[in-house]
Amino acid sequence: MKIATWNVNSIKARIDTVLTWFKQASPDVACLQEIKCETNAFPRLEFEALGYNCAVLGQKSYNGVALLSKHRIEDVREGLPGGAGDEQARYIEGVIATKSGALRVGSIYLPNGNPPDTDKFTYKLKWMERLIVHARELREYEEVLVLGGDYNVIPMAEDVHDAQAWSGDALFRLESRRHLRRMINLGLTDAFRACNSEPQQYSFWDYQAGAWQKNNGIRIDHLLLSPQAADRLQSCAIDKHVRAWEKPSDHVPVWCELDMAA
DNA sequence: ATGCCGGGCGAAGCCCGA
């Protein structure tokens, strides 16, 4: 069972690139972020033609998340609990029935939080607090669970080209990293780091200042696995080559393979 | 160097991202 996450930076602008990757990579389940369209404007037909079911939580202009699955998506939860008045479409979750039981998948678009001296950073930290509370609830289900998405947090200095330059940034601030560490401490596994100990492995390169050409990247797109999922983890990789395609997103797909055969 | 790209919106120029 191949499960992927990808911040596509507008599904409308990126549809050809995204479909090309889906045809090649053929993930069983995919978490998309920054679709930047309203729910009913999501290009469902294009994905259905490839055999996918779609669960979408969209929003006009900004944010927006989706779950795509070759199998039926059940028990869809739209939005992260605990956010009374939070209008930003940043979380969708669903359950996929497999031969070896339920697979629960969440698609996360965590707030950026910059600049850090504003309420944007406060919103980010509060959102992370809500995510921790929700992950703690999900832990009790003892299911195969994958929380995939654009976390907008650089876990460690080895996950950024220039840690010094990023030290004050909301993506690398200690408060953000501490909250991500709390997620891990709930018993979740960073799938990529469970499979790859090489430093300087990135999932995002800015469009500006030749960041891609200079390999000035950061690793902020993560797949966090429950113990039941981590036990089934076979591989995890970053599809870096996609960043060199025509009209790329600034993020690339990250995927893992779980053994759900039995 | 926060605004060098790139997208949304909407029809010029501003908001936003990481």
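Proteins come first, then strands; the chains are lettered A, B, ... in the order of their sequence lines, and each starts at number 1.
- Side chains of A:Trp21 and A:Asp239: a donor-acceptor N/O pair is present below 3.5 angstrom, by distance only.
- Residue A:Asp221 is classed as having no contact, given no heavy-atom separation below 4.0 Å to the nucleic acid.
- The gap from the P atom of B:dG10 to that of B:dC15 amounts to 15 Å, rounded to the nearest Å.
- Side chains of A:Trp6 and A:Val242 form a contact here, defined as non-hydrogen atoms less than 4.5 Å apart.
- Legend: residues meeting side chain to side chain contact (heavy atoms under 4.5 Å, CB included) with A:Asp206, ordered by chain and number and at least two apart, are A:Phe204, A:Gln208, A:Ala211.
- Side-chain atoms of A:Glu34 and A:Asn7 form a donor-acceptor pair, as typed in the model, at a separation below 3.5 Å.
- Between the side chains of A:Lys36 and A:Asn63, no donor-acceptor pair of N or O atoms lies under 3.5 Å.
- Comparing the C1' positions of B:dC4 and B:dC9 gives a spacing of 23 Å, expressed to the nearest Å.
- Rounded to whole Å, the C1' atom of B:dA12 lies 16 Å from the corresponding atom of B:dG7.
- The P atoms of B:dC14 and B:dA1 are separated by 24 Å, rounded to the nearest whole Å.
- The distance between atom CD of A:Glu34 and atom C1' of B:dC15, rounded to the nearest whole Å, is 13 Å.
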Base versus backbone protein contacts along nucleotides 2-8 of chain B [heavy-atom cut-off under 4.0 Å; B, S, -]: BBBBSSS
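- Aromatic rings of A:Phe47 and A:Phe22 (six-membered ring for Trp) have centroids within the 6.0 Å cut-off, being under it.
- In this structure, a donor-acceptor pair under 3.5 Å is absent between the side chains of A:Ser203 and A:Lys240.
- Going from the P atom of B:dG3 to that of B:dG8 covers 23 Å, rounded to whole Å.
- Counting any heavy atom pair closer than 4.0 Å across all strands shown, A:Phe172 reaches no nucleic acid atom.
- For A:Asp162 and B:dA1, the CG to C1' distance is 14 Å, given to the nearest whole Å.
- Atom CD in A:Gln88 sits about 17 Å away from atom P in B:dC15, given to the nearest Å.
- Rounded to whole angstrom, the span from the OH atom of A:Tyr109 across to the C1' atom of B:dG17 amounts to 6 Å.
- Heavy atoms of A:Lys120 sit under 4.0 angstrom from primed sugar atoms or phosphate atoms, though from no base atom.
- A:Asn216 comes within 4.0 angstrom of nothing in the nucleic acid, heavy atoms only.
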